[in-house]
S.K.: 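Below is one structure. I have some questions about it.
When a ligand or atom number is given, it counts from 1 through the structure's own listing order. Just so you know, these numbers come straight off a predicted model, no measurement behind them.
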Amino acid sequence: MSVRVRFAPSPTGFLHIGSLRTALFTYLIAKSGGGKCILRIEDTDQEREVEGAVESLIEILRWVGIVFDEGPHVGGNYGPYTQTERVDIYDKYARILLEKDGAYRCFCTPERLKEMREEQRINKLPTRYDRRCRNLTDAEISERLESGEAFVIRQKMPLDGDVVVYDGIQGEIRFDASHLDDHVLVKSNGIPTYQFANVVDDHLMEITHVTRADEWIPSFPKNVLLYRAFGWDMPEFVHYPVILNKGGGKLSKRHGDVMVEEFRDKGYLPDALVNFCVLLGWHPKDDNEILSFHELERNFDMKSIGASAAIFDTDKLDYFNGYYIRHMLPNDLLSVCLPYLINADLIKAVNDDGFEIVKSGKVVGRNYLEGVVALEQERIKKISDVVGAVDFFFVDELEYAPELLIWKKMTAGEARTNLDNLLKILDAVPVDSWNAAVLEEVIGNHIKSAGLNVGSVLWPFRVSLTGRKASPGAFEVASVLGKEETLRRMGKAIKQV
Ligand code: GLU
C-alpha cells in the first residue's frame, strides 16, 4: 500500500516552528517513500476564522519548499480538504457511530455541566463528565429529541482496563481507561470537534500514517477507540519527539521567537531553516548534517526519528544560515538581499538592472551591488544583517569622528600625510586595472619603498572609505567603490583629519 500522510494544521495565522518540523517530517516521509502528502485544514474547533490564514499558511510552506499532492488549494480525489466544508460527512458518521454504540447523545445543559464541575472541584474530583446520559433508554432519547432538546454527542469510553496503543517511535503506550473522559465528539450546533473530524478524515482520506507532534499523544487512545468502534483498519501512528529550548523548557509561545514568518523576515534562508528543522529529532545515518532539500527528499527515513527530546538551539540555526549564505551564488545572494536594501531606503529600483542610491541619486547596476553584498557574504548570519554591514556604500557623506582616522600612536599630521601620499599613488592607477589585487600590490609596494608601517597606511585608508572601526578590507572596499568614489572619500578625509 503506498504511503499517504497528511499535515493537518488549524489555521492560526502563522506557522509555529514546531509545526514546520511536523510538516517537514511528514512531507519527507511521503517523498522518500514515493507516497502522497496531503494538506488538510482543521478548522472546526476555531472560535473565529483568521482571515487569510489558510493562504498565508500555504504560502509560507511553499516558501520552505513543501508542495502538497492534495489539499484545498490543489484539489484531489478525497476532498473537500477543509473540515468546515465536510460537516455533512461528519453528520453521517456520527449517526453510524451512535448505531454502533461507540457514542451517545448527551442532553445535559451547559448550566448542569457547570454545576457538576463545580461540585467535582469542591470534592477534589477530576472534572470529567459524570456520564448521566450514557444509559438513557431509546424511549427517553426519542422523547427528548422530539421535544427539541439540544444535545452533544460523546464518545463512549471503556469504564476500566487499559487502552493499549502502539506508536511507531515510542512503541507500546498504555492508558488507564478509568482516566478517560466521555468527551464531546459533536457539539450541539452539529459541528464536530477535532477528535472526531480528525479520525473520520484520516479514515476517508486513506491516511496510512498519522504523523504529528507528541503533544497529541493524549488524543491517541481516543482516536484508537474510535477506529475500533467504527470497525475500521487502523493507520500507523507516529508521534514526533517534543522540541525543547536550550534550558530544557518548553518552546516559547511568544510569536516572535517561534514564527516561521518571523524567521523568514529576519533573513533566514529556507534551506537553512529546513536543514535545521529536520535535525530536530531526526539524525542521518552517516552523520552528515548538511543536507539539501533534494537529498532529504530522497534519503529521509522515518526509522531514524528518535524518541528523545529535540533541542531548539538558535545558534545552530545561525550556523546553518551562515553556511547557506556563504554557499550562495553572487546573483542569488543579491536577489535575497535586495528587498532589505530597498526597505532600508538605501536604494530604489529604477529598472530591471538599475538601482538608484537614494542618498546620492547615482544609479548603479546589479553588478555593482553584487560586489557590495559579496564583501559581507562570509560574515553575515542573517540576510537582514546586510543592511548594517554595507550601508556605508550608500551614503553620500560618511559620518565619523575624524580621530578614527588615526592609527595607534600616530599624529593627525601623519595620518593626513599618509593619506595624501596614498591618494597620489592611487590616482595613477588606471581605471581599467582598478581591482583588489592590483591595489594590494601597488599599495604594498608603496608601503615597502617608503618604509612605512602597514597599519599607518591601511588603517586611515580603510576608515576614510568606510567610516568604521570594523569593515571588510580596504582593498576590497576600494575595488567595489571604484576609483572615482575612493579618491573622493580619501580627499574628504584628508580635509577632516
Ligand atoms: N489539527 C491538529 C493540529 O492543529 C492536528 C493534529 C493531528 O495531526 O492529528 O496540529
Side-chain angles (χ1 to χ4, degrees), residues 3-30 35-50 53-54 56-58 60-61 66 68 70-72 78 80-87 90 93 155 165-170 173 183-187 191-227 232 234-243 250-251 253 255 258-260 277 280-281 302 305:
V3 169
R4 284 178 61 81
V5 288
R6 83 307 190 266
F7 175 54
S10 302
T12 51
F14 74 97
L15 185 65
H16 191 283
I17 192 93
S19 300
L20 172 60
R21 198 269 315 253
T22 297
L24 191 60
F25 277 12
T26 302
Y27 169 80
L28 293 174
I29 288 170
K36 296 257 185 292
C37 187
I38 292 123
L39 175 67
R40 184 173 73 224
I41 301 299
E42 301 208 324
D43 55 351
T44 64
D45 266 354
Q46 275 180 296
E47 298 278 301
R48 65 192 160 81
E49 202 180 317
V50 183
V54 175
S56 62
L57 181 80
I58 292 168
I60 191 84
L61 289 165
I66 296 177
F68 293 97
E70 296 167 31
Y78 297 78
Y81 292 91
T82 301
Q83 288 187 329
T84 45
E85 292 169 24
R86 297 173 63 82
V87 175
Y90 307 127
Y93 283 92
Q155 189 172 0
V165 297
Y166 188 84
D167 177 73
I169 295 173
Q170 307 197 10
I173 312 177
H183 63 104
V184 175
L185 296 178
V186 182
K187 292 179 269 188
I191 304 291
T193 58
Y194 153 76
Q195 302 291 349
F196 188 61
N198 182 271
V199 167
V200 170
D201 287 349
D202 284 344
H203 172 71
L204 295 179
M205 294 181 181
E206 296 184 20
I207 298 303
T208 57
H209 300 72
V210 171
T211 55
R212 59 191 179 191
D214 85 335
E215 62 180 305
W216 294 99
I217 283 186
S219 298
F220 196 0
K222 303 176 193 172
N223 302 156
V224 166
L225 289 167
L226 273 182
Y227 279 97
W232 290 339
M234 200 96 63
E236 282 183 40
F237 283 81
V238 178
H239 288 91
Y240 306 141
V242 67
I243 305 173
K250 281 201 168 165
L251 271 198
K253 287 255 186 284
H255 291 185
V258 290
M259 267 170 81
V260 177
C277 274
L280 293 171
M302 192 165 41
I305 300 175

S.K.: Which word best sums up how the rings of Tyr240 and Phe25 line up, parallel for under 30°, tilted for 30 to 60°, or perpendicular for over 60°?
M.R.: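 Tyr240 vs Phe25 ring planes: perpendicular.
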S.K.: Where on Trp216 is there a heavy atom closer than 4.0 Å to ligand 1, on the side chain, on the backbone, on both, or on neither?
M.R.: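 Side chain only.
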S.K.: Can you measure from CG (Asn223) to CD1 (Ile217) and round to the nearest 0.5 angstrom?
M.R.: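 Asn223 CG to Ile217 CD1: 11.0 Å, rounded to 0.5 Å.
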S.K.: Who's the nearest protein heavy-atom neighbour of atom 6 (C) of ligand 1, and how far?
M.R.: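 Closest protein heavy atom to atom 6 (C) of ligand 1: Tyr194 OH, 3.4 Å.
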S.K.: Please work out whether the ring planes of His16 and Phe14 are parallel, tilted or perpendicular, with thresholds of 30° and 60°.
M.R.: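 Aromatic pair His16/Phe14 classed tilted.
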S.K.: Quick check: does Pro9 get an N/O under 3.5 Å from an N/O on ligand 1?
M.R.: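 N/O-N/O distance below 3.5 Å does not exist for this pair.
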S.K.: Taking 4.0 Å as the limit for heavy-atom contacts, which would you say applies to Val210 with ligand 1: side chain only, backbone only, both, or neither?
M.R.: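 Under 4.0 Å from ligand 1, Val210 contributes no heavy atoms.
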S.K.: Is Lys222 atom NZ crowded by more than 12 heavy atoms from other residues, nucleotides or ligands, each under 6.0 Å away?
M.R.: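 Above 12, so yes.
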S.K.: Polar-atom distance check: Thr211 versus ligand 1, any N or O pair below 3.5 Å?
M.R.: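 Thr211 vs ligand 1: no N/O contact under 3.5 Å.
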S.K.: What is the closest protein heavy atom to atom 8 (O) of ligand 1, and at what distance does it sit?
M.R.: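 The answer is Arg6 NH1, 2.7 Å.
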S.K.: Show your reasoning for whether side chain to side chain contact (heavy atoms under 4.5 Å, CB included) applies to Phe7 and Thr22.
M.R.: CA-CA 7 Å; Phe7 175 54; Thr22 297; 4.0 Å; yes
S.K.: For atom 1 (N) of ligand 1, which protein heavy atom lies nearest, and how many Å away is it?
M.R.: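 Ranking protein heavy atoms by distance from atom 1 (N) of ligand 1, first comes Glu42 OE1, 2.6 Å.
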S.K.: Quick one: nearest non-hydrogen protein atom to atom 2 (C) of ligand 1, plus distance?
M.R.: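 Here the closest protein heavy atom is Ala8 O, 3.3 Å.
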S.K.: Number the atoms of ligand 1 from 1 as they appear, then name those within less than 4.0 Å of a heavy atom of Ser10, with their elements.
M.R.: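 Answer, ordered by atom number: 1 (N), 4 (O).
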S.K.: Over 60° means perpendicular and under 30° means parallel, so classify the ring planes of Trp216 and Tyr194, tilted if in between.
M.R.: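 Geometry flag for Trp216 against Tyr194: tilted rings.
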S.K.: For ligand 1, which atoms have a heavy atom of Asn198 less than 4.0 angstrom away?
M.R.: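 Those of ligand 1 that fall under 4.0 Å from Asn198 are 7 (C), 9 (O).
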S.K.: With no hydrogens and no angle check, just 3.5 Å: does a side-chain donor-acceptor pair link Tyr81 and Asp201?
M.R.: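 Absent: no donor and acceptor within the cut-off.
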